[in-house]
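Contents: one structure, followed by commentary.
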Amino acid sequence: MTNWINTVSRDHVERGVRGRFTQANHGKPHMLRKMERGDWIIFYSPRTLYPDGPPLQAFTAIGRVADDEPYQVEVSPDFQPWRRNVDFLDCAEAPIRPLIERLEFIEDTARWGYKFRFGVLRIDDHDLEVIRSAMVPASIEETTVGT
């Protein structure tokens with residue numbers, strides 16, 4: 001199982017949560033093809049609105065990949081993004097700044113935002129637990145870990 005962070009504005013994350021899906025890298029399939037059913041995916045939102053909304057810098061959703069392959073949808077004649085289905089957990093947003101020192105994937109705490117520039121990144125189990133424990137109440141976490 002792999003753990004992922006997908007960098008997406010909060011307004012797009014909210015659409016995905018409502019529709020139970022994720023997109024990545026402006027609808028491209030490459031990173032979505034690397035994901036497998038059961039993988040954890042956490043959403044980091046640098047901004048509230050795409051592309052120029054107010055800064056947010058928070059983890060805004062968490063879930064597990066719920067299908068086996070990416071699929072394409074037609075949003076408009078000019079936009080047919082690739083998606084993966086996600087089973088989202090009930091969670092609270094978690095600002096990143098209090099977590100930076102504990103996150104191992106952030107190698108340079110002075111330039112912590114650099115890692116998110118690539119859209120989707122892998123994280124280890126330690127970092128998943130740091131973020132998940134900041135977002136998910138223990139009562140919900142106990143019923144979902146290991147499922």
Side-chain angles (χ1 to χ4, degrees), residues 1-73 75 79-107 109 111-141 143-147:
M1 187 169 37
T2 306
N3 310 312
W4 304 92
I5 291 178
N6 192 358
T7 304
V8 183
S9 62
R10 183 207 277 154
D11 62 325
H12 287 187
V13 171
E14 289 170 346
R15 280 187 227 153
V17 170
R18 284 192 304 271
R20 298 187 60 232
F21 67 85
T22 187
Q23 293 173 195
N25 303 101
H26 305 287
K28 296 181 178 99
H30 176 69
M31 292 307 292
L32 297 176
R33 288 187 176 126
K34 294 183 177 195
M35 296 176 187
E36 296 182 9
R37 179 186 293 268
D39 284 358
W40 285 100
I41 184 166
I42 296 170
F43 294 82
Y44 171 73
S45 298
R47 298 188 170 276
T48 58
L49 302 169
Y50 177 82
D52 297 318
L56 181 62
Q57 299 178 340
F59 296 104
T60 51
I62 183 171
R64 295 185 94 169
V65 176
D67 60 9
D68 296 313
E69 297 289 332
Y71 61 93
Q72 198 168 20
V73 298
V75 174
F79 186 50
Q80 294 92 33
W82 291 84
R83 294 180 173 172
R84 294 296 300 260
N85 292 331
V86 176
D87 289 332
F88 287 94
L89 301 181
D90 290 332
C91 67
E93 289 184 2
I96 191 172
R97 288 194 183 269
L99 306 177
I100 289 173
E101 294 291 332
R102 296 173 43 210
L103 294 171
E104 294 175 355
F105 76 91
I106 295 177
E107 297 154 1
T109 57
R111 293 179 178 83
W112 61 266
Y114 180 76
K115 287 286 192 172
F116 298 104
R117 294 185 58 129
F118 302 102
V120 177
L121 61 128
R122 291 181 185 183
I123 59 170
D124 64 19
D125 290 343
H126 165 82
D127 288 342
L128 170 71
E129 290 306 317
V130 168
I131 300 165
R132 183 168 55 190
S133 66
M135 296 180 76
V136 180
S139 60
I140 293 172
E141 186 174 342
T143 62
T144 58
V145 174
T147 57

### Message
To the nearest 0.5 Å, what is the distance between CD1 on Ile41 and CE on Met35?
### Response
4.0 Å
### Query
Stepwise, does the side chain to side chain contact (heavy atoms under 4.5 Å, CB included) test hold for Asn25 with His30?
CA-CA 8 Å; Asn25 303 101; His30 176 69; over 6 Å; no
### Message
Show the nearest heavy-atom pair for residues Arg15 and Phe21, with the distance to one decimal.
### Response
O-CE2, 3.7 Å
### Query
Hey, are the side chains of Asp127 and Leu99 touching, using non-hydrogen atoms and a 4.5 Å cut-off?
no
### Query
Looking only at heavy atoms, which two atoms of Trp4 and Met31 are closest? And how far apart?
CZ3-CE, 3.6 Å
### Message
Working to the nearest 0.5 angstrom, can you tell me the gap between Leu121 CG and Lys115 NZ?
### Response
7.0 Å
### Query
What are the two closest non-hydrogen atoms of Ser45 and Val8, and how far apart are they?
OG-O, 2.7 Å
### Task
Begin with the C-alpha distance, continue with both residues' side-chain angles, and end with the deciding distance and a verdict on side chain to side chain contact (heavy atoms under 4.5 Å, CB included) for Glu101 and Thr109.
CA-CA 7 Å; Glu101 294 291 332; Thr109 57; 3.9 Å; yes
### Query
Does some side-chain heavy atom of Ile123 sit less than 4.5 Å from a side-chain heavy atom of Ile131?
yes
### Task
Check Arg83, Arg37, Arg84 against Asp67 for a side-chain hydrogen bond (donor to acceptor under 3.5 Å, both in side chains) and give me the one that passes.
Arg84
### Message
Return the CD to CG distance between Glu93 and Leu56, rounded to the nearest 0.5 Å.
### Response
5.5 Å
## Note on the structure
Note: Tyr50 and His26 closest approach over all heavy atoms is OH-CE1, 3.4 Å
### Query
Can you tell if the side chain of Asp39 reaches within under 4.5 Å of the side chain of Met1, non-hydrogen atoms only?
yes
### Task
Starting at CZ of Phe59, measure out to OG1 of Thr7 and round the result to the nearest 0.5 Å.
8.5 Å
### Task
Check Phe88 against Gly16 and note the closest heavy-atom contact, atom names and distance.
CE1-O, 3.6 Å
#### Entry: Candidates Leu32, Val86, Val13, Val120 - the one meeting side chain to side chain contact (heavy atoms under 4.5 Å, CB included) with Asn6
Val120
### Task
Give a yes or no on whether Tyr71 atom OH has more than 12 heavy-atom contacts from other residues, nucleotides or ligands under 6.0 Å away.
yes
### Summary
Rounded to the nearest 0.5 angstrom, the CG-NE2 distance for Asn3 and His126 is 12.0 Å
### Message
Between Glu107 and Tyr114, does the side chain to side chain contact (heavy atoms under 4.5 Å, CB included) criterion hold? Intermediate values first, please.
### Response
CA-CA 10 Å; Glu107 297 154 1; Tyr114 180 76; over 6 Å; no
### Task
Write down the atom of Leu49, the atom of Ser9, and the distance for their closest heavy-atom approach.
C-CB, 3.9 Å
### Query
Got Tyr44 and Gln57 here, is their nearest side-chain heavy-atom distance under 4.5 Å?
yes
### Query
If we only count heavy atoms from C-beta on, is the Arg122 to Phe105 side-chain gap below 4.5 Å?
no
### Task
Measure the CD1-CD1 distance between Ile62 and Ile42 for me, rounded to the nearest 0.5 Å.
4.0 Å
### Glu69 atom CD, neighbour heavy-atom count above 12 within 6.0 Å
no
### Task
Check the pair Val136 / Cys91 against side chain to side chain contact (heavy atoms under 4.5 Å, CB included), numbers first and verdict last.
CA-CA 5 Å; Val136 180; Cys91 67; 4.1 Å; yes
### Query
Can you name the one residue among Ile96, Asp124, Ile5 that meets side chain to side chain contact (heavy atoms under 4.5 Å, CB included) with Leu103?
Ile96
### Query
Can you check whether Asp87's main-chain N or O pairs, donor with acceptor, with Arg64's side chain at less than 3.5 Å?
no
### His12 and Phe43, any side-chain heavy atoms less than 4.5 Å apart
no
